[in-house]
Every structure is written in C-alpha cells, then in structure tokens.
Amino acid sequence: MTTHAPQAAQAVTLPASLDEAVAALAAMPAAVPVAGGTDLMVTVNSGQLRPAALVGLGRISEIRGWQYQDGHALLGAGLTHARMGRPDFAALIPALAASARAAGPPQIRNAGTLGGNIATAAPTGDALPVLAALEATLIIAGPGGARREIPVSHLLAGVEMLRAGELIGFVRVPLLHAPQVFLKATGRTGPGRALASVALVLDPARRGVRCAVGAIAPMPLRPLDAEQWVARLIDWDNNRTIVPEALGAFGEYVAAACIPDPVPAEDGSVPSLPPAVLHLRRTVAALARRALGRALS
C-alpha cells in the first residue's frame with residue numbers, strides 16, 4: 001500500500017458490445033475492465049492500483065438483463081444488485097435476490113454488479129455462496145467471439161482463471177423452483193460486510209440439499225457430508241418434514257465441517273478453539289440451522 005495519490009487512467013474505452021470489450025482488452029493488455037467500480041475504486045483511491053487504461057462495461061446492454069434457457073436463467077454479468085433485488089427477480093432466484101438486497105447501502109447496490117462480485121472474489125461477496133450452492137456456471141467471453149464455460153466454484157477456488165483478454169459475460173443458474181434462503185451475520189445493524197453467511201437451496205427433483213458458507217474463508221465452503229446427511233432425514237413425500245432435532249444437528253455439522261477442531265497435539269490433547277473462532281463457529285451453526293428451518297417451513 002502506498003500513500004501517494006493515484007494517477008488518473010490514461011485512456012478510457014466504452015465499448016457497446018461484449019466482443020468489443022474483449023477486443024479492447026486484447027488491444028490494451030494493461031487495461032482494467034470496470035462495471036460498477038465499487039471494489040475497483042477502493043483499490044485505486046488507496047493507491048494499491050494505478051490502471052494505465054479502463055474498459056468501461058456500463059454501455060453493454062446485452063449483459064444487463066436475463067433470459068430463460070433450457071430450465072436455467074442466463075444472467076448478464078452487468079446485472080446490478082439493485083436490479084436483482086426487485087420482486088420479479090426474487091420470484092426467479094430468491095436466494096440471489098436476498099443476497100443482492102443485503103449487499104450494502106443503496107449507492108453500492110445501484111452500482112455493484114453480479115460479474116464484478118464474482119471477478120473480485122472478495123471472501124465477503126454476498127452473491128458468492130449463493131452461486132456456489134446453486135452450482136452456477138460462468139460463460140466466459142474471449143477474443144474472436146470465443147465462449148467457454150466453467151463452474152463458478154472453479155474460478156473462486158483458483159482451479160481455472162480468466163485468461164488475458166477474457167471477461168465474464170453471463171452466469172447460468174439452474175431454476176430449481178424450490179425454497180432458497182440466504183442469511184448473513186454482520187458486525188452491526190443493517191447492511192454491512194458479512195462476518196459469516198449461509199446460502200441454502202433445496203433440490204426436490206434430486207431430493208438434495210445444497211449449502212454454502214461464505215465470508216469465513218477465501219472462497220465459499222460446501223459441507224458436502226452435512227448436505228447428504230440431512231437430505232436423507234427429510235421426508236420429501238410428506239411436505240418435506242424433518243424432526244426438529246435434526247435442524248440443530250445440521251447446524252453443528254455444517255459449522256464443524258467449515259471450522260474444524262484443532263489438530264491434536266503430540267500428547268493426544270486437543271487444544272481449544274480461540275474464543276473469536278468459537279464464536280464464529282456458533283454463528284455459522286445458527287445461520288445454517290435457521291436457513292434449513294426457513295427452507296423447510
């Protein structure tokens with residue numbers, strides 16, 4: 001970090017299409033793409049980043065809406081949090097709408113975009129655990145009109161990265177037509193950065209539960225064993241009922257999977273978790289328990 005004032009970008013390009021944006025990035029390898037700029041400008045203003053050029057994505061109408069495609073929703077990367085928080089979108093993908101409404105104050109929701117949330121990949125990104133639980137797929141636009149698809153979890157985990165001149169164009173999300181819940185805990189009342197978040201979706205067709213925990217690690221965590229365990233306890237043929245005790249057990253299972261106990265010492269003793277970490281684990285357990293309870297109610 002530096003205390004020097006950031007230098008202004010030397011060039012700003014405003015393409016009108018996704019392919020034009022990709023071509024601009026290919027022509028200016030040092031250029032930085034910018035949509036809402038809610039994360040980018042923080043790094044610029046702090047002096048951590050001094051882009052030689054900017055490629056603005058705000059005029060690309062094709063990535064600012066969504067469409068239906070073979071049982072999926074194809075979401076443009078330029079969708080703002082404010083747009084995703086509206087009732088019509090909430091009827092489509094409730095958990096993603098809930099995360100969008102929790103993304104911050106109005107000025108952040110009006111500017112911040114879905115693609116920016118993914119590309120920045122900040123651990124506290126509210127959309128990320130929802131996309132992980134939904135097992136969303138990214139459609140990446142590359143030079144020459146090329147398109148490739150990667151699971152969002154691969155990008156967030158660093159398994160696959162954006163290549164030079166590539167942009168996130170769209171996000172493909174399966175439409176499950178079942179309850180979805182997003183909950184997060186913050187350090188204060190009202191919108192704020194998450195200390196922990198949980199996204200939970202039901203998949204009745206597969207009789208499955210998908211859960212992702214955000215903000216506590218560099219990427220969303222999927223407690224797969226806990227998902228499979230609780231899915232077997234749900235009576236899918238009888239209004240998705242479950243014994244009340246299973247809700248609490250599920251929360252503890254998720255929390256222990258994401259924040260495990262310390263490794264035993266050589267003498268066999270198990271050190272205690274620090275109080276702050278123990279509090280975080282209890283928070284995750286409470287969020288997971290409530291999320292499952294709401295989804296099944």
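Since the structure is predicted, the reported quantities are computational estimates derived from the model, not experimental observations.
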Got L134 and L176 here, is their nearest side-chain heavy-atom distance under 4.5 Å?
yes

Assess the residue pair H72 and L175 against the criterion (side chain to side chain contact (heavy atoms under 4.5 Å, CB included)); give the C-alpha distance rounded to whole Å, side-chain angles, the decisive distance to 0.1 Å, and a yes or no.
CA-CA 5 Å; H72 292 71; L175 297 176; 5.5 Å; no

Report yes or no: does E62 contribute a side-chain atom to a donor-acceptor pair with the main-chain N or O of L18 at less than 3.5 Å?
yes

Treating D235 as the side-chain partner and N238 as the backbone partner, does any N or O pair qualify as donor plus acceptor under 3.5 Å?
yes

Hey, quick one: are W229 and L296 part of the same hydrophobic cluster, counting side-chain heavy atoms closer than 4.5 Å, chains of contacts allowed?
yes

Any heavy-atom pair between the side chains of V55 and V34 that's under 4.5 Å?
no

Provide the closest heavy-atom pair for A73 versus L92 in the form atom of the first, atom of the second, distance.
CB-CD2, 4.0 Å

Is any side-chain heavy atom of I259 less than 4.5 Å from a side-chain heavy atom of V284?
yes

Are any side-chain N or O atoms of R101 and backbone N or O atoms of G85, one a donor and one an acceptor, separated by less than 3.5 Å?
yes

So, D267 versus S269: side-chain donor-acceptor pair below 3.5 Å or not?
yes

Evaluate whether atom CG of D70 has more than 12 neighbouring non-hydrogen atoms of other residues, nucleotides or ligands under 6.0 angstrom away.
no

Going by heavy atoms in the side chains, are I242 and V230 under 4.5 Å from each other?
yes

What about I234 and V201, same hydrophobic cluster or not, with Ile/Leu/Val/Met/Phe/Trp/Tyr joined at side-chain heavy-atom distances under 4.5 Å?
no

What's the spacing between T80 OG1 and L114 CG if we round to 0.5 Å?
10.0 Å

Answer with yes or no whether the hydrophobic clustering places I63 together with L54; edges join I, L, V, M, F, W, Y residues whose side-chain heavy atoms lie under 4.5 Å apart.
no

Give the cluster check for L74 versus L167: same hydrophobic cluster or not, with ILVMFWY residues linked at side-chain heavy-atom distances below 4.5 Å.
yes

Distance-only, no hydrogens or angles: does the W236 side chain make a donor-acceptor pair with backbone N or O of A205 under 3.5 Å?
no

Could you measure the distance from the CD atom of E149 to the CG atom of L138? Nearest 0.5 Å is fine.
9.0 Å

Donor-acceptor contact present, side-chain N110 to main-chain P106, <3.5 Å:
yes

Gap between atom CD of Q228 and atom CG of L233 - 0.5 Å precision
12.5 Å

Shortest non-hydrogen pair, I168 vs I118, comes out as CD1-CG2, 3.7 Å

Which atom pair, heavy atoms only, marks the closest approach of A141 to V22?
O-CG2, 3.7 Å

E227 pairs by salt bridge (Lys or Arg N to Asp or Glu O under 4.0 Å) with which of R207, R210, R222?
R222

Could you tell me if the side chain of P129 sits less than 4.5 Å from the side chain of V213, heavy atoms only?
no

R109 side-chain N/O to G104 backbone N/O, donor-acceptor pair under 3.5 Å:
yes

For a quick test of reading the model, state the closest non-hydrogen atom pair linking I216 to C258 and the distance between them.
CD1-CB, 3.7 Å

What about F89 and W66, are their ring centers closer than 6.0 Å?
yes

Reported CD1-to-CD distance for the pair I140 and E160, which is rounded to 0.5 angstrom
9.0 Å

Sidechain N-carboxylate O distance under 4.0 Å for R148, E166
yes

Distance-only, no hydrogens or angles: does the Q180 side chain make a donor-acceptor pair with backbone N or O of A95 under 3.5 Å?
yes

Quick check: do P179 and V181 have side-chain heavy atoms less than 4.5 Å from each other?
no

Can you tell me how far CG of L96 sits from CD1 of I93, rounded to the nearest 0.5 angstrom?
5.5 Å

Group every Ile, Leu, Val, Met, Phe, Trp and Tyr by side-chain heavy-atom contacts under 4.5 Å, then state whether L156 and L224 land in the same group.
no

Beyond-backbone contact of S197 with L183, side-chain heavy atoms, under 4.5 angstrom:
no

Within 6.0 angstrom of R294 CZ, more than 12 heavy atoms from elsewhere:
no

Is there a donor-acceptor pair under 3.5 Å between the side chain of K184 and the backbone N or O of D126?
no

To the nearest 0.5 Å, tell me how far H154 NE2 sits from M161 CE.
13.5 Å

Show the nearest heavy-atom pair for residues A194 and T186, with the distance to one decimal.
CA-CG2, 4.3 Å

Side chains of V171 and T137 in contact at under 4.5 Å (non-hydrogen atoms):
no

Heavy-atom pair of closest approach, residues R289 and G248
CD-CA, 3.8 Å

